[in-house]
Each structure stands twice: as C-alpha cells, then as structure tokens.
Amino acid sequence: GHFYLTAWENKGLYRKGDAEYIAGNRYIGSVPKIDLEDEPGYGAIRALNPKTGERVWEHKLHTKPWSGVLSTAGKLVFAASGGWITRDRQEMEAWFYALDAESGKELWRINLGGDMSSSAITYSANGKQMVTMAAGSAIFTFALP
C-alpha cells in the first residue's frame with residue numbers, strides 16, 4: 001500500500017546574471033555549484049503513504065540513485081545505488097538492494113560493479129520468481145526463495 005521511489009536530497013547555489021562558461025566543462029547555466037563540499041547531499045529509497053504523502057521509511061544511500069524502484073507482491077522492494085562516490089570518478093557505489101516493503105529494512109545487497117541506470121524486472125521461470133538487473137555491460141539474474 002505504499003508508493004516507492006528514489007530521491008536525491010541536495011542543495012545548489014543559484015545566481016542571477018551571466019553564467020560562467022568554460023569550454024570543455026559541463027555547462028549547467030545559473031547553477032554554478034551542485035554537490036557542495038560542505039553538504040554533499042545523499043540519495044535515498046523511500047516509501048510514501050499515497051493518501052497523505054507522508055514518508056513511511058527511508059533507506060539512505062551515499063550517492064544519487066539513477067534507477068527506478070521495483071516492488072513485488074511478496075513485499076520486497078528492489079533498487080540500486082549506482083553513482084560515483086569520488087568527484088574524480090574513480091570510485092563507484094554499485095549496490096543492488098532488496099528491502100522489506102513495509103519497514104525499509106535491508107534484507108540483502110550485492111555490489112554489481114557497474115552503473116545501474118535502469119530498473120530491475122521480475123518474472124517467473126519454471127515456477128520460480130526471478131529478478132534481473134543490468135549493471136554496466138552485464139545482466140545479473142537472481143532466483144528468489
């Protein structure tokens with residue numbers, strides 16, 4: 001009965017006037033600084049009450065989640081954190097999570113080692129429920145008990 005989503009809690013500095021453009025760098029217009037050093041923000045997987053909009057639970061992540069959320073009738077929520085931990089893009093957080101849908105408690109996680117920017121899928125094969133997630137250039141499939 002919850003609504004599940006990924007979120008990025010962050011702040012940025014906005015300004016009026018001409019934005020500085022440096023050839024070869026990403027250009028984001030009037031937002032010269034995001035992911036501020038003093039308060040870098042955090043990613044999260046959340047459950048909301050769809051009737052009130054109130055947050056029921058939150059599972060914090062270190063980086064921005066780029067994928068969506070998959071919830072199952074078996075009261076599981078699957079989501080991933082697949083962002084860069086370091087600014088020089090040398091270290092990536094690449095965790096795939098299974099959470100309890102009611103409490104948000106982490107049931108298991110596995111590091112898949114690559115960017116996860118698509119959502120997981122679930123299906124049945126020979127009477128067994130499977131969950132599949134793409135990470136980097138690989139596809140991982142897990143059988144659920």
Side-chain angles (χ1 to χ4, degrees), residues 1-123 129-145:
H2 301 319
F3 177 76
Y4 305 99
L5 69 148
T6 57
W8 178 241
E9 287 288 338
N10 200 5
K11 67 179 182 178
L13 298 177
Y14 294 84
R15 64 181 180 155
K16 275 185 154 181
D18 294 334
E20 181 181 356
Y21 172 74
I22 301 170
N25 286 347
R26 100 180 142 158
Y27 180 72
I28 51 177
S30 65
V31 186
K33 283 194 153 193
I34 56 174
D35 300 340
L36 302 174
E37 294 82 13
D38 64 329
E39 209 174 309
Y42 66 93
I45 303 161
R46 292 182 177 158
L48 303 180
N49 179 325
K51 294 179 183 173
T52 65
E54 291 181 37
R55 188 181 307 166
V56 177
W57 57 256
E58 174 178 83
H59 182 82
K60 284 190 175 182
L61 309 170
H62 293 289
T63 59
K64 297 176 180 110
W66 292 105
S67 65
V69 177
L70 169 69
S71 62
T72 70
K75 299 190 186 229
L76 296 174
V77 171
F78 294 95
S81 61
W84 295 99
I85 294 172
T86 55
R87 292 185 184 284
D88 59 2
R89 300 174 74 90
Q90 296 296 313
E91 187 178 355
M92 174 182 269
E93 180 180 52
W95 293 104
F96 183 51
Y97 297 92
L99 307 175
D100 178 89
E102 294 298 319
S103 68
K105 179 183 175 201
E106 185 178 304
L107 302 174
W108 63 260
R109 68 179 167 166
I110 185 168
N111 191 310
L112 299 182
D115 179 38
M116 290 173 274
S117 52
S118 63
S119 299
I121 62 168
T122 186
Y123 56 93
Q129 186 176 6
M130 312 296 277
V131 63
T132 296
M133 184 66 180
S137 59
I139 297 177
F140 297 86
T141 299
F142 305 91
L144 302 181

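No hydrogens, no waters, no symmetry mates; every other heavy atom, side chains included, goes into these values.
Between F142 and F140, the ring planes lie parallel to each other; the angle is under 30°, not in the 30° to 60° tilted range. Classification of the F78-F96 ring pair by plane angle, with boundaries at 30° and 60°, yields parallel.
Listed here is the closest heavy atom pair of G113 and N111: N-OD1, 2.8 Å. In terms of heavy-atom proximity, V69 sits nearest to I45 at CG2-CG2, 4.5 Å. The two atoms that bring P50 and H2 nearest to each other are CD-CA, 4.1 Å, heavy atoms only. The minimum heavy-atom distance between S118 and S67, with the atom names listed, is O-CB, 2.9 Å. Taking each heavy atom of P65 and L61 in turn, the nearest pair found is CB-CD1, 4.0 Å.
Rounding to the nearest 0.5 Å gives a distance of 11.5 Å between OH of Y97 and CH2 of W108. Separating the NZ atom in K60 from the CZ atom in R46 is a distance of 9.0 Å, to the nearest 0.5 Å. The line from NE2 of H59 to OH of Y4 is 14.0 Å long, rounded to the nearest 0.5 Å. Atom-to-atom distance recorded for T122:OG1 and L144:CG is 6.0 Å, nearest 0.5 angstrom. How far CG of L76 is from CG of L99: 9.0 Å, rounded to the nearest 0.5 Å. Atom CE of M133 sits about 10.5 Å away from atom CD1 of I121, to the nearest 0.5 Å.
In this structure the side chain of W95 never reaches within 4.5 angstrom of the side chain of E106, judged on heavy atoms.
Residue pairs meeting the side chain to side chain donor-acceptor pair (under 3.5 Å) criterion with at least one member in residues 130-145, sequence neighbours excluded: Y123-T132, T132-T141. Listed by first and then second residue, the salt bridge (Lys or Arg N to Asp or Glu O under 4.0 Å) pairs that reach into residues 129-145 come to none, sequence neighbours excluded.
Between the W57 side chain and the A101 main chain, a donor and an acceptor come within less than 3.5 Å of each other.
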